[in-house]
Asks: 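I am attaching a structure below and will ask some questions about it afterwards.
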Amino acid sequence: MTLWSRLQRRIGDLAGELVLDDYRDQLSQAEALVRAGDIRSGIDVLEALLTAKPDHGQALILLGDARMQLQDPERAREAFERALKLRAGDPAALVGHGMALVTLGRYELAIGSLARAVAEAGGDREILADAYRGLGVAWRRRNDLDKAIRELRKAVTENGNDLEARASLGEALVADGGSMDEALRHLERAAAAPRPPVVALYALGRIALLEDAPAIAGERLAKARELAEEDTTPLGAQRRLDITVAQGDAALVQGDSMRAHAFYLEALQAAARRPDLHAKIAAAHRASDNLEAALSSFDRALALGAGVEVLRAAVDTAIAARDTTRSLQWGSDLLGKDPNDGRALVARGIAMIESQPDGARALLEVAAARDDVDAHVELARLALATNPGSAADSARAALRVDPHHAGARQLLTDARAAIYGAPGTEIADLAKFVEHTVESRRELGHLVGEVARAAANLDQPLLVTVMGEFSSGKSSFVNAFIGADVAPTGITPTTATINVVRYGRERGGRIVGRDGVTVELGWDALMSHLRALTPAAALAIDRVEILVPLPQLEKINIVDTPGLNSIQPEHEATARAFIAKADAVIWVFTAAQGGKASEKKALRSIHDEGKRVLGVLNKADQLSPAETEEVVSFIGGELGDLVEAIVPFAARDALDWKRALPAKPAESAKPAEPAEPAESAEPAGPAGPSELAQPAEPAKPAKPAKPAKSAKSAKSAQTATAATAAMTDGNWDALSSALETRFFQQARQLKRDACARTLRSVTTEAQRLVDAVRRRAISASEAAAAARNELVASARAFTDEAVLVERKALSDETSLLYRRAAREVLDLVRPRRLPFSSHTATEADRDYLIALLQSGFDSAIEDGRRRVAEDLRARSRLAESAARTLGAVIGADVIGDLQRAAEDRIGLALSRVFDRTRAYLRGYLEGGYVEAFFRNDVPRLELSEDAVYHALVRGAPDLDRELGDPLARAATDALTTLARRLEHWAAVVDVQAFDLEVGVSRALELAAARI
Ligand SMILES: Nc1nc2c(ncn2[C@@H]2O[C@H](COP(=O)(O)OP(=O)(O)O)[C@@H](O)[C@H]2O)c(=O)[nH]1
Ligand SMILES: [Mg+2]
């Protein structure tokens, strides 16, 4: 209504000069009608007047104004133009004309009229205010933000109550991206009106978008849209277009690309050739993964002359679509505009992969050095076939940047599959595969040796470990087996050593000390050394290797262990190692006391390790056949399936028998077919006594009966017992037969089984370790997600609670400050002497009050800053334990990273809020608040503390407004930044877990399935 009151005044001013009384009545009537809202009737009256008096200038101006109110700018313009023909320099007509043109969207012309209005205004502030606002709006629409802001600032200065001008100024400031505080001050004031200007709501919506609050933006924009619908002018249509586009932006940020697309399409109907709208439509397509449609929209946007930012987005999409033609073209265009653009390099790199792979790689490497995710991905793709290790590195680099990149994850999976390969079917190949697999991870490195040994052991002689109670005849068994006195017998428990009987070119031996020192000895020296061992010397020996030049020992090594119940603690580890390595175990029972509980326990654990055990019931010569049978069946009953078979035996007899044979067995025996059985895994049918086991039997002495000769199983071995006592070979024949079929013929299979056992236990252990690492990674990532949620909740709580506390504290402190200031004022003001004179104060008094208030505000602000800093730091510590866990998993200083981020963001938040508030207050205090108080209030003040206090408070700056929302925003920003960092690290950990899963875990699974 300011235009209206202005016209009224001018009509009054000019009435004396120009307006005839006849028309004056009509004019007043029209005026009253328009003011009452009956604009059409007012217009009728004016048109009647103008028919009678076509050159009535004031009537024309009033008509123009009325038509503007009816949203008919075109006909308003006509009226103003007619008025201007009559009164060329009339500022009211000029302003009206300019505003009509602005509303018509004809900004160029409008600027001309409005500039003339300013020149002709002659200091009329209302004219000036309107003209500046019109100019500001026109410049803004022409996208000249500097000029727009300048004119709008003037408009607000001329008329602080012009909310349209404030809204437009705020909007221009937001568009300019500059002073958000100034913008907010104007916008919030304008938006507080009962019918806020559309532009204010629109600009507040844009701010919400900038501040990452698309939902709030959506609400504000919807409201703006509703109000804008009522404006049918061209300017109104353009504003609706702005709002529609912003609504699209809000929908896009909210992830609703379909709705965004619909908004943009709607906007496009009003402005089909705007390149930015095509670019936005492209963005919406891109967001819904419709890359083809996005590329077409970019084509149109670029053809219509879109700028470099759109070109960048287009290049980005071409890369994502792997569209080589557009990548090449747009990449080159972008490089032309910005030779340093990394994305352009990637685009060109992708385009060149087929034709010039080396050039492509070089370009991509430049971009990868800048951590371009697509460059990493393309490099991984390029390397996959030839160098999967480097492909995996590139894929991991990509995942460090974008942990959820599906292509990079697939490439990592493929690269790992290529690196680990697939295991072969042969046990040796399988072992090699497992070895490589465990070698690939630091946390599995300790398993490598075990696998390597298992693999090497495949080619080693069959290792048979002889065990049993002390003095059961183990050493005697070994000697009988060899046919020579090689293992010392009758040794006391304390001087017993672990003796490994193995092949040597010459008889001899070596003593391996527990300190690793090895002593080589000749045969006689070795034997006498062993017999003369003191218990202390025995303890210092790890093992004794007895070397005998017997061909069968090339395929079989025999370990003679001290008695079960006499293993010294010092020997235990070595003994256990030999048991673990043993391909087969011979358990020697004594006729006197077989099947004791201690034996059962030991046999159980050997059985559990998957070793096969053959039982030998030694010293059978001391029993009658019936007793032997009884003992065998007793032991068999006691030990059940722990022993495969129990063969009665007489070691001493067997040795004597072998020695009595014509040829000298140990030294000279050259078996016709040495050493084959151990290698032949599947003998064709039951073989006769093996040459290997019987090197000492060049010819079979004629024996009355050889029932054991056909013994192939436990039962048959057992049924042979009846004859044992009568036999002079100590039942060697039966025993050798059992050994042959059970162990030697299956040597190869036993070796494979042993290796498979190791591989199985290693892969199980490796899987356990890898799973533990993965589980740790997953639980760290879960802890991070929980901490992230806590941070977000804490940010919300800060907004809900802490901000209120801060506001209250600040308002309490400032009340106290004003009270103090009021008392000071009472002190320093010189009261009037006479009833009608004034109170007075000096300039120094004024400066003193400014200083007092300033230091009071400063300390209130400092207190607030300290409290908020402490509060935010405490809240940021919610991330600490999750950060520690994450850091431990990936071996990075996650805590440090988060602490630095927290300090940075909190510092930024605090200065954004408190430094600004302080600056605002300074401006307020020095810019006239105290001045105005002394000038306007002090002279007539009632001199009481309350009265002074209220006078001070009345004009005081609105700190609440300055502090509240910005504080909530800044704190939320600081805490959500932390939450995002945490998310990032959690994603990094997640990638690690993923890498383990598709790498070593999958390889171990493949191996486990093959073993
Ligand atoms: N009667 C009899 N005594 C045996 C037989 N085998 C070993 N011995 C004796 O049992 C004792 C312990 O034998 P040895 O082989 O040293 O037992 P180890 O401690 O188990 O090695 C020695 O005195 C042997 O002579 C056997 O078959 N019959
Ligand atoms: Mg012994």
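The chain is numbered in sequence order, starting from 1. The basis for the numbers below is simple: all heavy atoms, side chains too, and nothing from hydrogens, waters or symmetry mates. Indexing begins at 1, ligand by ligand and atom by atom, following the structure's order.
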Asks: Can Arg652 and Asp621 be counted as an ion pair, charged N to O under 4.0 angstrom?
Replies: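 So Arg652 does not pair with Asp621 through a salt bridge.
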Asks: Classify the ring geometry of Trp587 against Phe589: parallel below 30°, tilted from 30° to 60°, perpendicular beyond 60°.
Replies: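 Ring orientation, 0 to 90° scale: tilted.
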Asks: Considering heavy atoms of the protein only, find what lies nearest to atom 15 (O) of ligand 1 and give residue, atom and distance to 0.1 Å.
Replies: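 Among all protein heavy atoms, the one nearest atom 15 (O) of ligand 1 is Ser476 OG, 2.6 Å.
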Asks: Which of these, Ala480, Gly473, Gly490, Pro488, has its nearest heavy atom closest to atom 23 (O) of ligand 1?
Replies: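 Looking at heavy atoms only, Gly490 sits closest to atom 23 (O) of ligand 1.
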Asks: Counting from 1, what ligand 1 atoms have a heavy atom of Thr489 closer than 4.0 Å?
Replies: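 Counting atoms of ligand 1 from 1, those under 4.0 Å from Thr489 are 15 (O), 16 (O).
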Asks: Return the residue, atom name and 0.1 Å-rounded distance of the protein heavy atom closest to atom 27 (O) of ligand 1.
Replies: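 Protein heavy atom at minimum distance: Ala651 N, 2.9 Å.
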Asks: Counting backbone and side chain alike, does Thr561 bring an N/O/S atom below 2.8 Å of the Mg ion (ligand 2)?
Replies: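 Of the N, O and S atoms in Thr561, none lies under 2.8 Å from the Mg ion (ligand 2), which means no.
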Asks: Regarding Thr590 and Asn618, is there a side-chain donor-to-acceptor distance under 3.5 Å anywhere?
Replies: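 Short answer, no.
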Asks: Just to be sure I'm reading this right: ignoring hydrogens, which of Asp653, Asn618, Asp621 gets closest to atom 6 (N) of ligand 1? Compare them by their nearest heavy atoms.
Replies: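 Answer by nearest heavy atom: Asn618.
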Asks: Parallel, tilted or perpendicular, judged at 30° and 60°: which one describes the rings of Phe481 and Trp732?
Replies: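 Answer is perpendicular, since the angle exceeds 60°.
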Asks: Counting only heavy atoms, tell me which of Arg652, Met467, Lys474 gets closest to atom 3 (N) of ligand 1.
Replies: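 That would be Arg652.
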Asks: In Å, rounded to the nearest 0.5 Å, how long is the span from CZ of Arg604 to CG of Leu639?
Replies: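 Here the rounded value is 9.0 Å.
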Asks: Which heavy atom of the protein is the closest neighbour of atom 12 (C) of ligand 1, given with residue, atom name and distance?
Replies: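 Checked against all protein heavy atoms, atom 12 (C) of ligand 1 sits closest to Ser471 OG, 3.2 Å.
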Asks: For Gln767 and Thr764, which I'm curious about, is there any donor-acceptor pair between the side chains at under 3.5 Å?
Replies: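 Not at all, the side chains of Gln767 and Thr764 share no donor-acceptor pair under 3.5 Å.
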Asks: Do any nitrogen or oxygen atoms of Ser475 come within less than 3.5 Å of a nitrogen or oxygen of ligand 1?
Replies: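 Yes, at least one N or O pair falls under 3.5 Å.
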Asks: Quick one: is the NZ or CZ of Lys474 closer than 6.0 Å to the six-membered ring centre of Phe477, and within 45° of its axis?
Replies: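 The answer is no; the distance or angle limit is not met.
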Asks: Starting from atom 26 (C) of ligand 1, locate the nearest protein heavy atom and write down its residue, its atom name and how far away it is, to 0.1 Å.
Replies: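 Scanning the protein heavy atoms, the shortest distance from atom 26 (C) of ligand 1 goes to Lys619 CG, 3.4 Å.
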